[in-house]
Amino acid sequence: MKYNLPKGYLSHSAIDLWKSSKNQYRMKYNSDDNVSFSTAYTEFGKFIGETLEDKKKRRAHPVLSKIPAYSVAEQPLEFEIEGVPIKGYIDSFDPKKKRIIEYKTSIKREGKPLWNPVSVRKHNQLLIYALGVQQLFGEFHPTVKLVWMETEWREVCSEMALGNSTIIDCKPELALTGYFEVFKRKIEPWEIEYIKQDIVRVAQEISDDYSAYQKASVHN
């Protein structure tokens with residue numbers, strides 16, 4: 001079956017956004033305005049990901065050098081499930097044993113971390129990536145890892161000379177605290193079947209919604 005998808009494929013972030021807010025999904029994907037949902041947190045996470053990807057920078061970093069990693073960074077995934085194209089990137093991948101690591105950064109909310117054994121088990125990105133590895137490599141290691149790195153807001157100050165005076169400029173920046181936690185999550189065979197059905201269901205909903213949007217746009 002051919003699905004009518006705004007980008008021609010789905011990703012975990014697109015699926016997750018559709019489930020959490022259909023209106024935000026439409027704003028981001030349906031129009032040509034390229035609406036961005038980038039925040040200081042997502043930009044910091046991107047910076048950490050890029051540093052982890054660079055082996056030289058990672059080894060020189062006081063915190064990231066301690067983070068577990070496999071041999072391949074940013075392993076691309078492009079596969080299809082019942083006619084639904086899926087794309088993604090595994091943060092860290094072991095091609096020999098087909099092991100997966102996903103990295104996350106976040107601050108504590110009301111003193112509590114965002115990531116814990118329950119939230120890790122509910123995180124379908126791990127299922128989608130395991131499914132992709134199975135599709136592309138024939139199997140996946142059933143125990144996947146999610147590494148959470150705690151971040152915090154810090155005031156960073158810099159000095160600038162202006163004539164005979166010195167101006168001190170301070171601004172808040174996100175930084176790693178140095179604390180991280182490695183969560184292990186075992187994926188059962190039935191969960192792979194579940195995520196397949198979930199992908200197809202969401203693809204159909206998005207396809208129907210996007211077709212209706214295109215039809216309404218023509219008439220307007």
Side-chain angles (χ1 to χ4, degrees), residues 11-21 24-25 28 36-55 57-70 72-75 77 88-94 98-133 140-157 170-188 190-192 194-195 198 202:
S11 63
H12 164 260
S13 58
I15 292 171
D16 191 53
L17 184 58
W18 174 259
K19 288 181 175 181
S20 61
S21 174
Q24 285 192 11
Y25 177 94
K28 183 173 182 178
S36 174
F37 292 96
S38 177
T39 66
Y41 299 104
T42 57
E43 289 301 311
F44 182 75
K46 182 179 178 182
F47 164 75
I48 293 299
E50 291 172 350
T51 306
L52 284 164
E53 189 177 353
D54 188 315
K55 291 182 180 180
K57 290 182 180 179
R58 173 165 56 84
R59 288 169 181 163
H61 197 282
V63 177
L64 300 182
S65 59
K66 302 173 185 177
I67 300 297
Y70 296 137
V72 178
E74 290 295 300
Q75 169 66 45
L77 290 180
Y89 290 90
I90 298 174
D91 287 338
S92 188
F93 181 61
D94 174 5
K98 313 300 184 292
R99 293 183 292 182
I100 296 169
I101 294 178
E102 180 67 16
Y103 299 122
K104 300 294 182 185
T105 59
S106 69
I107 63 174
K108 288 183 177 179
R109 306 285 185 180
E110 297 180 353
K112 296 181 180 179
L114 176 65
W115 296 101
N116 55 57
V118 174
S119 59
V120 171
R121 176 154 288 279
K122 291 180 178 180
H123 192 52
N124 284 346
Q125 184 177 19
L126 301 176
L127 297 180
I128 293 174
Y129 285 0
L131 173 60
V133 171
F140 67 90
H141 196 288
T143 301
V144 298
K145 295 178 182 178
L146 186 147
V147 180
W148 169 60
M149 291 164 273
E150 183 184 33
T151 62
E152 66 179 2
W153 284 100
R154 292 177 182 171
E155 191 174 64
V156 178
C157 299
C170 297
K171 60 181 180 179
E173 288 185 2
L174 280 169
L176 295 174
T177 67
Y179 177 80
F180 68 91
E181 196 165 351
V182 180
F183 296 96
K184 295 182 180 180
R185 191 245 201 261
K186 186 176 181 181
I187 296 177
E188 304 292 346
W190 70 265
E191 293 182 283
I192 296 299
Y194 156 77
I195 203 62
D198 193 54
V202 171

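Fair warning: this is a prediction, and the values are worked out from it, not measured in the lab.
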Are there more than 12 heavy atoms of other residues, nucleotides or ligands under 6.0 Å from atom CZ of Phe47?
no
Leu52 to Arg58 - nearest heavy-atom pair and separation:
O-NE, 3.3 Å
If every non-hydrogen atom of Ala40 is compared with every non-hydrogen atom of Trp153, which pair is closest and at what distance?
CB-CH2, 3.9 Å
Taking the side chain as every heavy atom from C-beta outward, state whether Glu188 and Tyr194 have any pair of such atoms under 4.5 Å apart.
no
Using the side-chain contact (heavy atoms from CB on, under 4.5 Å) rule, take His12 and Glu102 through it: C-alpha gap first, then chi angles, then the decisive distance, then the call.
CA-CA 13 Å; His12 164 260; Glu102 180 67 16; over 6 Å; no
Is the number of heavy atoms from other residues, nucleotides or ligands under 6.0 Å of Lys19 NZ greater than 12?
yes
For the pair Arg121 (side chain) and Asn116 (backbone), establish whether a donor and an acceptor sit closer than 3.5 Å, ignoring hydrogens and angles.
no
Treating Ser65 as the side-chain partner and His61 as the backbone partner, does any N or O pair qualify as donor plus acceptor under 3.5 Å?
yes
Result for side chain to side chain contact (heavy atoms under 4.5 Å, CB included) between Leu131 and one of Leu126, Asn124, Leu77, Ile195 points to Ile195
Heavy-atom side-chain proximity of Lys145 to Ile100 below 4.5 angstrom:
no
Please report the interatomic distance CD1(Ile90) to NZ(Lys98), rounded to the nearest 0.5 Å.
11.0 Å
Which heavy atom of Trp148 sits nearest to which heavy atom of Tyr179, and what is that distance?
CZ3-CE2, 3.5 Å
Nearest 0.5 angstrom please: Tyr103 OH to Leu146 CG, how far?
10.5 Å
Scanning both residues in full, the closest heavy-atom pair of Phe180 with Lys66 reads CZ-O, 3.6 Å
Does a sphere of radius 6.0 Å around OH in Tyr89 hold more than 12 heavy atoms from other residues, nucleotides or ligands, not counting ones at 6.0 Å or beyond?
no
First locate atom OG1 of Thr151, then atom CD of Glu173, and finally report the distance between them rounded to the nearest 0.5 Å.
13.0 Å
Can you confirm whether Leu17 sits close enough to Lys28 that some side-chain heavy atom of one is under 4.5 Å from a side-chain heavy atom of the other?
yes
Between CD1 on residue Ile101 and NZ on residue Lys184, distance to nearest 0.5 Å:
10.0 Å
Where is the tightest heavy-atom contact between Ala130 and Ile187, given as atom of each residue plus distance?
CB-CD1, 3.6 Å
Against the six-membered ring of Tyr129, is Arg185 placed for a cation-pi contact (under 6.0 Å from the centre, within 45° of the normal)?
no
Any donor-acceptor pair under 3.5 Å linking the side-chain atoms of Glu150 with those of Thr177?
yes
Verify side-chain contact (heavy atoms from CB on, under 4.5 Å) between Asp94 and His141, making sure each step is shown before the conclusion.
CA-CA 9 Å; Asp94 174 5; His141 196 288; over 6 Å; no
Using 0.5 Å steps for rounding, measure from the CG atom of Leu64 to the NZ atom of Lys57.
11.5 Å
Donor-acceptor under 3.5 Å (Ser119 side chain, Leu114 main chain)
yes
Asp198 and Leu127, any side-chain heavy atoms less than 4.5 Å apart
no
Please give me the minimum heavy-atom distance between Thr105 and Gly45, naming the atom from each residue.
OG1-CA, 3.7 Å
Output the distance between atom CD (Glu152) and atom CG (Leu174), rounded to the nearest 0.5 Å.
9.5 Å
Any side-chain heavy atom of Arg99 sitting closer than 4.5 Å to one from Tyr70?
yes
